[in-house]
Amino acid sequence: MIGQELRASVFRDTNDFYLDFPADAVSPSLIGFVVERGGHAVLDLGCAGGNYCRALSTRGFAVKGADINPKYVELARQRGVDAYLSQDRVPFPDKSFDTVLLFEVLEHVSAPADTLAEARRLARKNVLITVPHSGGIADLQKSGLLFEHFADLDHKHFYTEHSLGQLLRPLFPHVLVRKGDALSPFALARAAWLRSLGDVLMRWGLLRPRYYFRLFAAADV
């Protein structure tokens, strides 16, 4: 059994992963991304348990959620989110929202271009996208390391800054892709004070990041 226990502790299937996720767990960088670039009326497409819907609503956005997983939709509704079950087509007319969010979604779907086309149909202003960053892998492997998202068993696609841009640009007239959630060169240091120092020096612009955990893309419609 120890083999199965180790496998379960390292690898994860995120199809139902967020059922046990705390309701207030959100990434500040993703919230900041919407605050910076999002319109007032927002659809979180792939909303899981509705964490970002809740967090953005408290910041004055009018947010609805949609997900293909009925368990997630039910959980989001229990948490007070206006959430909808979506399969191939989300049950809203064209241009129903200023902004559509695809946060950590495209790596999971079999046909990302189809998902993007549906998001584009629903958006008046833009589609905001995040995916795990899969660049710099060769350098990480030299130290016997990989980002934790490579342990997600249900990921179907892995994106670099270049490949995400290639996917988006045929579908949208203007696309901006950038790396984000930087990790300092001291991120793997044993001493907590050294890791903290690295974070401070990066905020001050005195230390260049070595790796980036996430990609952010803003696609105008």
Problem - Chi angles and distances behind the side-chain contact (heavy atoms from CB on, under 4.5 Å) call for F216, L30 - result: CA-CA 9 Å; F216 293 77; L30 271 62; 3.9 Å; yes

Handout entry: Between CG on residue D16 and CZ on residue F21, distance to nearest 0.5 Å
Key = 14.0 Å

Practice task
Working to the nearest 0.5 Å, report the span between CG of L164 and CZ of R169.
Solution key: 8.5 Å

Practice task
Looking only at non-hydrogen atoms, find the nearest pair between F61 and V42 and report the distance.
Solution key: CD2-CG2, 3.9 Å

Practice task
Please check if the side chain of R59 supplies one atom and the backbone of V35 the other of a donor-acceptor pair under 3.5 Å.
Solution key: no

Problem - Residue pair L215 / E161: nearest heavy atoms and the distance that separates them - result: CD1-N, 3.7 Å

Practice task
Could you tell me which non-hydrogen atom of P93 sits nearest to which non-hydrogen atom of R121, and how far apart they are?
Solution key: C-NH1, 3.5 Å

Exercise for the section: Group every Ile, Leu, Val, Met, Phe, Trp and Tyr by side-chain heavy-atom contacts under 4.5 Å, then state whether F92 and V221 land in the same group. Expected result: yes

Handout entry: Pair K71 + E74: basic N to acidic O under 4.0 Å
Key = no

Practice task
Going by the side-chain contact (heavy atoms from CB on, under 4.5 Å) test, name the single residue among V81, D24, L56, V26 that passes it with N51.
Solution key: V26

Practice task
Report yes or no: does D98 contribute a side-chain atom to a donor-acceptor pair with the main-chain N or O of H40 at less than 3.5 Å?
Solution key: yes

Handout entry: T99 side chain to G39 backbone, donor-acceptor under 3.5 Å
Key = yes

Exercise for the section: Apply the test side-chain contact (heavy atoms from CB on, under 4.5 Å) to residues L116 and I129: give CA-CA distance (whole Å), side-chain angles for both, the deciding distance (0.1 Å), then the verdict. Expected result: CA-CA 9 Å; L116 287 164; I129 300 141; 3.9 Å; yes

Practice task
Would you check if the side chain of R77 reaches a backbone N or O of A83 as a donor-acceptor pair within less than 3.5 Å?
Solution key: yes

Practice task
Report the hydrophobic cluster partners of L85, with the cluster defined as I, L, V, M, F, W, Y residues connected by side-chain heavy atoms closer than 4.5 angstrom, directly or transitively.
Solution key: V73

Exercise for the section: Verify, without hydrogens or angle tests, whether D44 (side chain) and G65 (backbone) share a donor-acceptor contact under 3.5 angstrom. Expected result: no

Handout entry: Interatomic spacing from CD1 in I31 to CD in E36 - rounded to 0.5 Å
Key = 13.5 Å

Problem - Sidechain-backbone polar pair: D181 side chain, S29 backbone, donor-acceptor under 3.5 Å - result: no

Exercise for the section: Without swapping roles, check the side chain of R214 against the backbone of K179 for a donor-acceptor pair under 3.5 Å. Expected result: no

Problem - Cation-aromatic face contact R178/F33, 6.0 Å, 45 degrees - result: yes

Practice task
State whether the side chain of S163 and the backbone N or O of Y159 hold a donor-acceptor pair below 3.5 Å, judged by distance alone.
Solution key: no

Exercise for the section: Indicate the atoms forming the closest heavy-atom contact of A219 with V175, along with that distance. Expected result: CB-CG2, 4.2 Å

Practice task
Please report the shortest heavy-atom distance between D67 and C47, naming the atom on each side.
Solution key: OD2-N, 3.2 Å

Exercise for the section: Report, as yes or no, whether the 6.0 Å neighbourhood of atom CG on L207 holds more than 12 heavy atoms from other residues, nucleotides or ligands. Expected result: yes

Problem - Distance in Å, S134 OG paired with F213 CZ, rounded so as to fall on 0.5 Å steps - result: 9.5 Å

Completion exercise
For P132 and H155 the tightest heavy-atom approach is CG-CE1, 4.1 Å

Exercise for the section: Test L75 against L19 for side-chain contact (heavy atoms from CB on, under 4.5 Å), laying out the working first. Expected result: CA-CA 7 Å; L75 176 60; L19 291 175; 4.2 Å; yes

Exercise for the section: Look only at the side chain of K156 and the backbone of H108, and say whether a donor-acceptor pair between them is shorter than 3.5 Å. Expected result: yes

Practice task
State plainly whether the residues K64 and D82 are in salt-bridge range, i.e. N to O under 4.0 Å.
Solution key: yes

Exercise for the section: Using atom types as modelled and distance alone, determine if a side-chain donor or acceptor of Y72 lies under 3.5 Å from a backbone N or O of Y18. Expected result: yes

Practice task
Evaluate side-chain contact (heavy atoms from CB on, under 4.5 Å) for L106 paired with H157, printing each intermediate quantity in order.
Solution key: CA-CA 7 Å; L106 293 183; H157 302 278; over 6 Å; no

